[in-house]
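First the structure, in the form of structure tokens, and then the observations on it.
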Amino acid sequence: MNEPLVVLDGVQKNFGDFFAVKRADLTIEAGEFIAIMGPSGCGKTTTLRMLAGLEAPSAGDIRIGGKRMNDVPPHQRDTPMVWQSLALFPFLNVRENVEFGLKMRGVSTAERRRRAFDWIERLEIGEFAERNIETLSGGQKQRVALARSLITEPQLLLLDEPLSALDAHLVIRMQGVLARLQRELGITFVYVTHSHSEAFAMADRVVIMSQGEIAQIGNPREIYRTPANRFVAEFVGRNNILTGTIESSDTDQVTINSVIGNFSAPTEGIHQEPGSLASIVIAADMVRITREATDAENTVVATLISEEFVGSIVTLFLEAADGTEFKVQLQERALTDLDVHAGGQFHLSWATADAHLLPENNG
Amino acid sequence: MRTSDWALRGYVLLVFVFVFSPVVMSMIFSFNSDRFPTIPLGGFTTHWYETIFADEDFWKAAQNSLIVSLCASLIATFLGFCTAYSDYRYTFRGQGAYLGIILLPPTIPLIIMALAMLAWFSKVGISGQVYSIIFAHTVLTAPFAMAIIRLRLNQMDESLEAAAWNLGASEWRAMREVILPFCLPAIVSSLFLTAAVSFDEFTVAWFVSGLNKTLPVHVLEIVQGTIDPQVNAVGTLVFLVSMTLVIIAQLAIFFRLNRSAK
């Protein structure tokens with residue numbers, strides 16, 4: 001049997017009474033781009049540091065390439081990391097920084113210089129090769145850090161919020177650089193971030209962590225469309241969550257009853273007893289908004305509170321009679337026939353098929 | 001420029017005049033042919049320098065001073081580096097007390113320190129030797145070395161050492177390739193500063209040196225006998241040596257810290 005490149009098997013990490021990672025089970029295939037995301041303190045960075053050997057798991061096993069790595073010191077692994085602070089060596093120039101990993105491995109001067117120049121060229125920082133690190137801009141330093149980590153041609157590259165210090169426009173550019181490198185090199189990337197846009201733009205699979213546990217693993221579409229629990233539904237944002245008691249439940253469809261009406265969702269194979277609490281999630285871009293009542297399956301009347309423009313996408317924030325908040329996302333040009341103004345009354349509606357029943361019975 | 005600016009400049013100038021005039025006087029009198037330091041000055045002479053250069057005692061004292069300050073600065077800087085690094089790298093119980101104890105020696109009055117050392121060295125039978133002065137000066141100067149190097153380590157990106165391990169450096173290799181190069185300006189500065197402090201130090205050296213005089217002790221012995229303008233010449237030389245050391249120490253730390261703090 002071919003084991004995946006990285007296996008986290010019941011991994012736990014505590015610092016005294018504090019459990020940074022309560023339990024992590026995760027397998028990563030060679031060549032995958034995995035993003036681990038979550039709010040600060042969720043254990044994502046600790047997980048990454050355990051992969052690099054900078055922290056040892058308190059329980060469970062970490063295997064890389066089939067080998068148990070729990071007690072292998074960091075310098076005997078080939079798991080280079082791109083640090084949040086970049087951690088470039090300020091007393092070395094660009095080329096010497098890039099060469100560092102090869103120097104530690106005893107590669108001859110001529111050979112490591114040649115390979116350093118290859119990587120420096122590849123990351124388009126050739127003209128700065130002999131420059132002092134301090135004289136470089138943020139984006140250039142970022143490229144040095146990447147070249148320095150990639151020069152040993154590792155199987156696995158760890159990235160700890162590498163773009164968090166960059167300006168917004170540079171972030172987009174570096175995302176492109178990272179995604180292209182990952183594709184071309186076929187290296188497995190494990191990318192820790194708290195930014196939705198970075199994770200969803202680049203990753204094959206996203207791991208959402210919360211309070212030291214993995215809340216959901218899935219591709220970006222699955223995370224968006226079928227959040228596994230309330231935490232994920234709220235964390236990825238732009239979701240409407242409705243809670244009520246189950247009125248009826250058959251094999252295909254479940255209906256919940258709440259103060260503002262009855263709403264249906266596909267069961268997706270989950271059976272919940274009538275009378276118990278349940279939540280359904282409707283993504284903000286699945287909700288239709290009209291001035292007139294419609295004969296759609298699920299409808300709510302709500303008052304517009306505010307609107308938010310991001311590029312050509314508009315998010316409308318509305319409130320139903322009982323105070324339940326709704327978010328509706330639509331193209332800016334769709335607003336023209338709608339006459340939006342704060343305080344206006346609108347009819348919201350969505351198809352049952354677009355609603356998603358949260359699998360857990362957590363109200 | 002405003003009046004207050006001129007006032008400030010004038011004030012600073014006065015402070016410098018006050019601090020340095022005795023030294024400048026001593027330098028001037030070291031070239032004065034009169035036996036007594038009076039104004040108006042007599043003729044110009046290098047007689048006093050010739051006298052001390054011909055004096056075997058002076059050369060012996062100079063040699064002792066150089067050996068002591070060189071050895072003390074090397075040992076103190078090594079100890080200071082180890083202490084600063086252990087404080088930077090590890091978190092342990094009593095870390096505050098650890099630092100406090102290390103920084104204690106400069107707060108103890110020199111005369112108490114000197115007496116205590118003499119008593120202790122005599123007890124264990126290591127007093128009155130050149131190495132006794134080296135021990136004593138190491139104790140006195142190590143706190144300065146620790147403080148300078150600790151300051152530098154605090155400026156280091158926390159991830160820098162881990163980044164070296166991550167790229168394949170063992171702990172010793174990371175020490176050699178990352179920590180030491182990063183601390184180099186502070187280490188150089190510490191070497192010169194501790195050498196300067198040791199070269200100047202009189203009280204402790206006088207108590208523990210026995211017959212192995214250092215230059216400051218030699219100066220005192222000249223003064224104790226008679227009024228002898230030789231002392232101005234020796235004083236001038238000692239002053240020039242220590243000022244040079246201090247200035248080099250300042251330059252090392254100032255330039256390098258400024259460059260990498262950006």
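We name chains A, B, ... by the order of the sequence lines, and we start the count at 1 in each one. What you see is a predicted model; the values in this text were computed from it and never measured. Just so it is clear, the values below take in all heavy atoms, side chains as well, and ignore hydrogens, waters and symmetry mates.
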Spell out, as yes or no, whether a donor-acceptor pair under 3.5 Å connects the side chain of B:T141 to the backbone of B:T194.
no

Per-residue tally against chain B (heavy atom, under 4.5 Å) across A:G101, A:P73, A:G53 peaks at A:G101

B:A164 versus chain A, the contacting section by heavy-atom distance below 4.5 Å:
both

Please work out whether the ring planes of A:F18 and A:F15 are parallel, tilted or perpendicular, with thresholds of 30° and 60°.
parallel

Below 4.5 Å from any heavy atom of chain B, which atoms of A:P80 appear? Answer side chain, backbone, both or neither.
both

Using atom types as modelled and distance alone, determine if a side-chain donor or acceptor of A:R143 lies under 3.5 Å from a backbone N or O of A:E124.
no

Closer than 4.0 angstrom, basic N to acidic O: yes or no for A:E99 and A:R114?
no

Non-hydrogen atoms of chain A under 4.5 Å away: do they reach the side chain of B:N166, the backbone, both or neither?
both

Under 4.5 Å to a heavy atom of chain B? For A:I133 that would be neither

A:T152, part contacting chain B, at a heavy-atom distance under 4.5 Å:
neither

Over 60° means perpendicular and under 30° means parallel, so classify the ring planes of B:F239 and B:F20, tilted if in between.
perpendicular

Is a donor from one side chain sitting under 3.5 angstrom from an acceptor on the other, for B:Q129 and B:N212?
no

Please flag which part of B:E177 lies under 4.5 Å from any non-hydrogen atom of chain A: side chain, backbone, both or neither.
both

Side chain, backbone, both or neither: which part of A:R49 has an atom under 4.5 Å from a heavy atom of chain B?
neither

